[in-house]
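Taking it in order: structure first as structure tokens, then the write-up.
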Amino acid sequence: MKHSKLMEERIRRTRILFKELGYKIFNAEAGEDVYTAGFEKEDGLQGGFFIDRESKFLEVTYTFSFPPSLSDFLKERLEDMLKVCYEFGCYTNIQKGEKDFNFSVFSKIYFAGLNYYSLRDSLRDFSECIAMLTDLLAISKNDDKEEG
């Protein structure tokens with residue numbers, strides 16, 4: 001797909017910055033208007049990022065998935081989950097699918113201010129938010145790996 005020069009530059013700069021920060025990029029998909037990829041670091045932080053041609057922000061995301069049997073568990077913790085996200089400046093989205101509930105956490109970085117330090121600091125806050133949510137939900141790294 002052919003991207004605009006601005007979109008190509010955003011993709012190039014974002015990929016370079018993630019790599020400079022020690023992240024591996026995988027599952028990259030490019031459409032004419034959007035670019036998505038996953039990222040991970042040896043310390044365990046994983047997530048995805050989106051670059052939309054119409055947006056002035058780089059979006060970083062992480063999604064927790066739960067079976068419907070845990071809906072009461074999630075309702076009990078939802079207020080605390082939202083407080084954690086607010087504390088770290090993250091946005092949230094909750095979706096109910098046929099087979100699971102998805103609680104997604106997002107962080108946005110304005111492209112005009114995107115540099116090594118802003119991405120490093122934003123990913124640090126994002127990582128701390130995910131860690132606090134993981135603790136709040138009592139999810140262990142082994143649970144995560146067993147369920148994929």
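Computed from a predicted model, the values in this text were never measured in an experiment. Side-chain atoms are counted along with the backbone in the values below, which use heavy atoms only and exclude waters and symmetry mates.
The aromatic rings of F66 and F64 sit parallel, their planes meeting at an angle under 30°, below the 60° perpendicular limit. The aromatic rings of F49 and F18 sit parallel, their planes meeting at an angle under 30°, below the 60° perpendicular limit.
The existence of a salt bridge linking E79 and K83 is confirmed by a sub-4.0 Å separation between a basic side-chain nitrogen and an acidic carboxylate oxygen. The pair K5-E8 fails the salt-bridge criterion, with no side-chain N (NZ, NE, NH1 or NH2) lying under 4.0 Å from an Asp/Glu carboxylate O.
For the pair T61 (side chain) and V105 (backbone), a donor-acceptor distance under 3.5 Å is present. S127 places no side-chain N or O within 3.5 Å of a backbone atom of L123 that could act as its donor or acceptor partner. R13 contributes a side-chain N or O that, together with a main-chain N or O of L114, makes up a donor-acceptor pair within less than 3.5 Å. For the pair T14 (side chain) and I11 (backbone), a donor-acceptor distance under 3.5 Å is absent.
Atom-to-atom distance recorded for F50:CZ and L58:CG is 10.5 Å, nearest 0.5 angstrom. From I25, atom CD1 reaches atom CZ of R15 across 4.5 Å, with rounding to the nearest 0.5 Å. Within the model, atoms CD of Q46 and NZ of K24 stand 11.0 Å from one another, a figure rounded to the nearest 0.5 Å. The CD1 atom of I16 sits 12.5 Å away from the CG atom of L119 when rounded to the nearest 0.5 Å. K96 NZ to N102 CG: the interatomic distance, rounded to the nearest 0.5 Å, is 11.5 Å. Atom CG of L82 is separated from atom CZ of R77 by 14.0 Å, given to the nearest 0.5 angstrom.
Grouped by direct or indirect side-chain proximity (heavy atoms under 4.5 Å, Ile/Leu/Val/Met/Phe/Trp/Tyr only), F106 sits with Y91.
The hydrophobic cluster containing F26 does not contain L17, counting ILVMFWY residues as joined when their side-chain heavy atoms lie under 4.5 angstrom apart, directly or transitively.
Listed by first then second residue, pairs satisfying ring-ring contact (aromatic ring centres under 6.0 Å, His included) with a partner in residues 108-137 read F57-Y110, not counting sequence neighbours.
Closest approach of Y35 and A28 over heavy atoms only: OH-CB, 3.2 Å. The two atoms that bring V84 and C129 nearest to each other are CG1-O, 3.9 Å, heavy atoms only. Nearest heavy atom pair, residue E87 against residue M132, reads OE1-CE, 4.3 Å. Of all heavy-atom pairs spanning D52 and R10, the tightest one is O-NH1, 4.1 Å. For the residue pair K41 and G22, the shortest heavy atom distance occurs at CG-O, 3.6 Å. Heavy-atom minimum distance, P67 versus F101: O-CD1, 4.0 Å.
Contact check for L133 versus Y62: no side-chain heavy atoms found under the 4.5 Å cut-off. Using a 4.5 Å cut-off on side-chain heavy atoms (C-beta onward), L74 and I94 make no contact.
By the 6.0 Å contact criterion, OH on Y86 is open, its count of non-hydrogen atoms from other residues, nucleotides or ligands being 12 or less.
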Under the criterion side-chain contact (heavy atoms from CB on, under 4.5 Å), I'd like the reasoning laid out for L137 against F73: C-alpha separation, chi angles, the key distance, then a yes or no. CA-CA 9 Å; L137 297 169; F73 172 82; 3.8 Å; yes

